[in-house]
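In what follows, chains carry the letters A, B, and so on, assigned in the order in which the sequence lines appear, proteins first and then strands, with residues in each chain numbered from 1. What's counted below: heavy atoms across the whole structure, side chains too, no hydrogens, waters or symmetry copies.
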Amino acid sequence: MSRYSAADIEAKWQAAWDAAGTFKAVRSDDKPKYYVLEMFPYPSGRIHMGHVRNYTMGDVIARYKLSTGHNVLHPMGWDAFGMPAENAAMASGGHPKDWTYQNIADMRAQMKPLGLSIDWSREFATCDPEYYGQQQSLFIDMLAAGLVYRKKATVNWDPVDMTVLANEQVIDGKGWRSGADVERRELVQWFFKISDMAGELLDALDGLDNWPAKVRLMQSNWIGRSRGLQFAFGLTENDTGHDRVEVYTTRPDTLLGASFVGISPDHPLAKELERRDPAVAAFCTDARKGGTTEEAMEKADKLGYDTGLTVRHPFDTAWELPVYIANFILMDYGTGAIFGCPAHDQRDLDFSRKYGLPVKPVFIQAYSKGVLTGYPLGFAMSSAFNLASSNGDLSTSSTGELYFWQDEHAYVPPKSESVKYVHGFAGAELQTGAEGVDTAIAFCEANGVGHGVTKFRLRDWGLSRQRYWGCPIPVVHCDTCGTVPEKKENLPIELPYDVDFSIPGNPLDRHPTWRHTTCPNCNAPARRETDTMDTFVDSSWYYARFTAPHATTPTAMADAAYWMNVDQYIGGVEHAILHLLYSRFFARAMQITGHLPKSAIEPFDALFTQGMVTHEIYQTYGRTGPNDRHGEGHGFTQYHFPEEVENRNGKVVLKATGNEVEIIPSAKMSKSKKNVVDPMNIIAAYGADTARWFVLSDSPPERDVEWTASGADAAAKHLARVWALCDRIGNMDPNVTGEGDDDLLRAMHRSIHDVTVGIEGFGFNAAIAKLYAFTSALTKSKAGAAAQKLAIRTLAQLMSPMTPHLAEDIWAHQGGTGLIANAVWPVADPAMLTHDSVTLPIQINGKRRAEITVPRDMPASEVEKLVLADDAVIRALDGATPKKLIVVPGRIVNVVV
RNA sequence: GCCCGAGUGGUGGAAUGGUAGACGCAGAGGACUCAAAAUCCUCCGCCGCGAGGCGUGUCGGUUCGAGUCCGACCUCGGGCACCA
């Protein structure tokens, strides 16, 4: 008997697929197309288990679709621009390009042994000039279409590294790399006009039925549509040259609780005051300080500066409100100015308490939860404009029925709760939430106070990066013509190779010649743009490029029309927002610029977000020695690689010392915690099929899967069992007959059905469980040779998307024709999925008490008779009379007493 | 703070409103072996000798029947957030 040797058969079948060109995607109308794409990797140099899981899932789909008669496109490429290459260059003195291409070569070599059904002829890296040259061409078209523009923007500037930092790269207000205090700087940057499409990108989410609801929701929140009122407060007499302050609010129903108006330090009015008054300038400078990160803003105090200016309330010209400059107001959302309603907004309440501003409730709960205990209920103004008592000192109001806010918590009514308005809107009692807001907007519009507007949280996408290793922005700055796009015949604008990373900043800026060029317009000497594009641009259209990777335009329309959209996209949920949103934007932009057909407005028809591969962490505690800088007595944690530990009598111990280790369950694989397994080691030890089988088997694909040595062993043992089974059946005399042919064939058809359903519904773990069961049935079967041979061939087919090499080998041994990869997927015979007789459980009042086997088509009335005559039922009824009998044909019987 | 999602044996997890715990791991017992490894077989939710009872985070509801649907709560996880 031969032994299962993964190394031999895997190399053999990979060579066979290559030789046959099995996975080369060919455009033709004879079959339906199917485009499977996994999010392409960054070439870090090593593949990890997350890659293995991601690509295996895509491979299962791709191979299954190939077997079910589709033209499959399943490409692979490299998201190859980005900072790690530059950082590596700075650390080791190498070149980002060399580093990147070497890593690509290494990773490709690691990926090939997995036996993925990829069309490698379409491979590209985003740092190939052929790719980014087309990206530059696309950029020029987008510029012409008005989808790109330049503006001054505030950025995080690292003064040591002399570069812009993304928000995530600012830690505690300091640059993640240099540790320098980050400054907010205004730079002229390029932007994509994604905000113009905010409404469209939001509305179209509804049509993405095959996307996870969670991802759609995250995108929806990110785009952030809000409905509100935009209106102006008129300024009282002043000499600033301003006569009004424009404000946007989503809570116009609280307008009568206003107690101040706040403007951003970057608001035009604030800037005007800043020019005149050094005290204002000092305040504004201070307020602008600090990063734009979440933590920085969280920590910052709410600071306000009383400008001395006042505005009139739009509903009561006698009612004046002070104008503050406040550090928490953002210039780039709404109008850069707000009104504060402290009774119903916690931040406004804190601010008002700090600066001694009045707090006037607008509405109160219909019932009290303690927040408003002690306040009289039910008072409403007779008219919104009858507001004499709203202005001034509430405590001495003549009516004696006004309200003080003594609580330190603002009352924010929950959605859909009935509230009574205290001030305003004609004594209305309204639902809170959208209804109250709509009512308030309608009321304000009717009275000539502003108008309802829809705003989005989504802002334009700033794409300029002061980096070398990215796609150069293909424009030229000319003293006479201004900013001019490059001529397309000059593309690609290639990155120069001879750059110097020994000093900080963008090497393109310092390059002796690269930036000097001539104006495409007037031929006068001019300067190239030295900023490069955000790497998210590279990954926003690569899916389209795969349809014609060697085209001399960004896409080839006929190919794009044939292959787009991606039928199934697979990747990590960490890209739920940015990458997927940017790709959706680009698909639209490429349609506008004529690079994608109208049908490809949404690039990804179906999206699947897979979970991570996790592993236990093994740790021991040490004590520091006398030389440790922490001094004696400090404990420290030491981590150990999985291969350093073993299981001895139920205890996990260090192989070297025998000391027991502590186990931290299931954490994301991380080199620093040493809870990693290298796919290369797994493939060397067990083979690719085992690794593929295991990453699919243990957990549902959308959830995290924990890599365990015992699980991998089990997978390997199972594959070896299947191999041995094939060997045994292969040696059977073809003429031998046996017992239970029908049972085996029924199990086979059940298995075909279940595995097919499992693969189509991304239930890979369930499909594998069914394959275990079928294998077990076949192992125990005493059926004749013909049935067993058919069963093992079918088993191989059903396993082939997951363990393609083993499946090919079995197929070949069992006399299958051609490659199993090209074999037609088996179809379950419906007649073989049901039996002539069924066993029905019998419940008494919903509790299972007995069972009965009856012919499948027996009428319910007959079944009832048999049930009531059943000994076990009579015993369980114990003389009680059944009130009702429910027979669900083919499923269950319930006796109600 | 706002918005989502999830809670099932020792463990990963199965289960169109219809026999809860498939399949795997771990564990126990057995066969083979001089012995071990490998392999194979059996058992494996909890209580109970047993008949039986109880069981899908908690409490209620809908239903002939609820892990599944509805409501409230608890716990964990995720996303967003000076967004006016």
*Asks:* Where the side chain of A:Ile892 is defined as all heavy atoms beyond and including C-beta, which of B:rU39, B:rG18, B:rG24 is the nearest nucleotide?
*Replies:* B:rG18
*Asks:* Would you mind telling me which of B:rG65, B:rA81, B:rU19 lies closest to the side-chain atoms of A:Trp222?
*Replies:* B:rA81
*Asks:* Counting the atoms with a prime plus P, OP1 and OP2 as sugar-phosphate, which does A:Ser697 contact under 4.0 Å by heavy atoms, base, sugar-phosphate, or nothing?
*Replies:* nothing
*Asks:* Below the 4.0 Å mark, does B:rA84 have OP1 or OP2 next to a side-chain nitrogen or oxygen of A:Tyr333?
*Replies:* yes
*Asks:* Paired with B:rG55: which nucleotide, if any, by Watson-Crick or G-U wobble criteria at under 3.5 Å for both distances?
*Replies:* none
*Asks:* Can you tell me the Watson-Crick or wobble partner of B:rG18, both distances under 3.5 angstrom?
*Replies:* B:rC64
*Asks:* Do A:Lys455 and A:Tyr333 form a cation-pi contact, if we require the NZ or CZ to be under 6.0 Å from the six-membered ring centre and within 45 degrees of the ring's axis?
*Replies:* no
*Asks:* When rounded to the nearest Å, what value does the distance between C1' atoms of B:rA26 and B:rC70 take?
*Replies:* 39 Å
*Asks:* Please determine if A:Asp754 and A:Arg750 form a salt bridge, counting it only when a charged side-chain N lies under 4.0 Å from a carboxylate O.
*Replies:* yes
*Asks:* Looking at B:rA84, B:rC80, B:rG24, which one has an atom nearest to any side-chain atom of A:Leu330?
*Replies:* B:rA84
*Asks:* Work out how far the C1' atom of B:rC44 is from that of B:rG21, and round it to whole angstrom.
*Replies:* 12 Å
*Asks:* For A:Ile329, which contact category applies under a 4.0 Å heavy-atom criterion: base, sugar-phosphate, or nothing?
*Replies:* base
*Asks:* May I ask which nucleotide in the shown strands pairs with B:rA6, Watson-Crick or G-U wobble, both distances under 3.5 Å?
*Replies:* B:rU75
*Asks:* Can a side chain N or O of A:Asn221 be found less than 4.0 Å away from OP1 or OP2 on B:rA81?
*Replies:* no
*Asks:* Taking only the C1' atom of each, what is the distance from B:rG67 to B:rG13 in whole angstrom?
*Replies:* 13 Å
*Asks:* With rounding to the closest Å, how many angstrom separate the C1' atoms on B:rC32 and B:rA51?
*Replies:* 39 Å
*Asks:* Take atom C1' in B:rA20 and the same atom in B:rA14, then report the distance between them in whole Å.
*Replies:* 9 Å
